[in-house]
Amino acid sequence: MPGTINKDNLTRLIAREQERFVQSHPASAALHERAQNSLNRGVPMVWMARWAGAFPLFVTSAQGSHFTDADNRDYIDFCLGDTGAMSGHSPAPTVAAVSAQVAKGITAMLPTEDSIIVGEELARRFGLPLWQFTLSATDANRNAIRHARHITGRAKIVVHDWCYHGTVDETFAILGADGSTISRPGNIGAPVPLDQTTISVDFNDVAALEKALATGEVAAVLMEPALTNIGIVLPEPGYLQACRELTSKYAAVWIVDETHTLSVGPGGWTGTYGLEPDMLTVGKPIGGGIPCGAFGMTHEIADKIAVGVEKDDLDVGGIGGTLAGNALSLAAMRATLTEVLTEGAYKHMIELGTAWADGVDAAIATHDAPWHCNRLGARGEYMFSPHAVRTGAQAFAAGDHGLDEFLHLYALNRGILMTPFHNMALIAPTTSAADVDAHTAMFNEMLTELFA
Ligand SMILES: Cc1ncc(COP(=O)(O)O)c(C=O)c1O
């Protein structure tokens with residue numbers, strides 16, 4: 001009989017942890033109070049109001065895999081800016097390169113040699129020869145979608161149910177109960193009903209993917225090789241191969257988003273397992289925290305994009321951003337890719353990611369918790385389901401906001417930050433075995449109280 005959670009006990013524990021959080025963070029509380037006057041909901045972006053606890057922590061400094069808050073408390077950071085700081089906070093080579101570039105010119109609307117070095121490095125890692133740069137992974141996805149529409153003359157894109165690819169209108173689609181494509185809850189201001197732009201399909205459902213592509217309306221399939229934003233959902237054997245084959249069969253563009261799955265290896269899932277997408281998007285960690293994004297493509301795609309576009313019109317294609325490809329972002333990407341997120345760093349990150357997940361698995365077994373832990377190289381995640389799930393909807397159904405609130409507060413009150421909104425941990429080159437052991441000890445302690 002697996003362990004069970006007594007609801008009264010959970011309610012008592014959440015209240016205790018909330019109280020402890022408020023008591024031990026007076027400076028963050030005061031800053032949050034002051035912020036009500038100038039920031040909507042007291043935060044720079046409203047999603048920051050969703051952190052566990054009465055207010056978010058205000059950060060004063062971050063270095064490597066730790067940060068300090070306004071109350072002078074130190075934390076082990078397993079969130080790492082939800083991958084934006086997968087390199088560790090302020091890695092020395094990136095700081096040096098960025099500092100030098102700041103003094104030499106930040107943006108000139110002209111290329112620098114760094115752009116070539118970064119393009120060559122991305123080509124080496126992901127196998128796609130030609131690259132373009134943006135300021136975010138969101139923009140990389142938007143641009144890739146736009147190119148796919150231009151190439152195919154078709155309007156729709158296919159995404160997976162409960163995917164996340166940034167703030168891209170077309171991607172906030174889920175499957176309705178009747179199998180139609182509908183807007184995701186919380187998606188505000190959609191320009192048109194989602195079924196006009198998107199077909200949502202279950203992850204790992206080859207038949208549904210083929211049915212969507214067979215409509216002849218699909219410009220592109222945009223997907224992560226493993227879902228990472230609704231809990232980790234891994235592809236079943238043969239699924240990614242089917243995605244390649246079916247997109248080719250129906251002449252749709254296969255866009256692989258490696259922004260989070262870059263945790264699998266230096267070339268993400270694509271480089272590690274030899275995927276051959278038509279386009280690839282990435283962002284967040286490749287600049288060590290400096291805003292950046294990139295999308296790569298085959299020569300065939302580049303040739304098709306060029307058709308019908310006159311040189312005089314190259315600046316009006318809906319693909320742009322004056323600051324995209326700026327010298328500062330490229331200096332950051334060059335240093336981060338060539339000196340920080342190296343093969344050697346990945347060896348360490350994946351070893352510790354495995355140790356983190358082993359610790360979680362052992363604790364789950366000890367306490368007979370009906371949970372399991374998924375692994376994605378330097379990333380791991382616990383989910384409130386006894387087995388791995390195969391679709392985004394199943395992952396969503398396994399979610400539990402009360403438990404999330406408790407877990408995150410329990411960890412925060414003991415100096416550990418997990419990725420919010422689900423229970424993910426990421427390992428940086430600077431994460432230590434002691435950091436991982438501290439999480440394992442905290443996790444065991446927490447399960448002891450929860451399954452008492
Ligand atoms: C897979 C994936 N793609 C794209 C993005 C968008 O990144 P950004 O918000 O930096 O544009 C995210 C953000 O979480 C993501 O998880």
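Order of listing sets the numbers, starting from 1, for every ligand and every atom in it.
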[X]-[Y] aromatic ring centre distance below 6.0 Å:
| X | Y | result |
| --- | --- | --- |
| Phe78 | His408 | no |
| Phe133 | Phe295 | no |
| His89 | Phe67 | no |

**Message:** Run Ser248 and Arg244 through side-chain hydrogen bond (donor to acceptor under 3.5 Å, both in side chains) and show every step you take.
**Reply:** CA-CA 6 Å; Ser248 296; Arg244 174 64 286 178; 3.0 Å; yes
**ligand 1-proximal atoms of Thr259, by part, heavy-atom distance under 4.0 Å** =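 Near ligand 1, Thr259 shows its side chain, while the N, CA, C and O stay back.
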Using a strict 4.0 Å cut-off to heavy atoms of [X], name the atoms of ligand 1 that fall inside it.
| X | result |
| --- | --- |
| Glu224 | 1 (C) |
| Ser136 | 11 (O) |
| His260 | 14 (O), 16 (O) |

**Prompt:** Which is it for Thr270 and Glu258 under the side chain to side chain contact (heavy atoms under 4.5 Å, CB included) test, yes or no, and what are the steps along the way?
**Reply:** CA-CA 8 Å; Thr270 296; Glu258 289 277 8; 2.5 Å; yes
**Prompt:** Counting only heavy atoms not in Glu276, do more than 12 sit closer than 6.0 Å to its CD atom?
**Reply:**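 Check fails, neighbour count at 12 or below.
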**Item:** Thr228 N/O under 3.5 Å from ligand 1 N/O
**Value:**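 No, no N or O pair falls under 3.5 Å.
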**Item:** Selected option - heavy-atom contact closest to atom 7 (O) of ligand 1, from Ala137, Cys163, Ala226, Ala140
**Value:**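 Heavy atom nearest to atom 7 (O) of ligand 1 belongs to Ala137.
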**Message:** Nearest non-hydrogen contact with atom 16 (O) of ligand 1 belongs to which option: Thr138, Thr281, Asn229, Asp257?
**Reply:**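 Nearest option to atom 16 (O) of ligand 1, by heavy atoms: Asn229.
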**Message:** Tell me the protein heavy atom at minimum distance from atom 10 (O) of ligand 1, and give that distance in Å.
**Reply:**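 For atom 10 (O) of ligand 1, the nearest protein heavy atom comes out as Lys284 CG, 3.5 Å.
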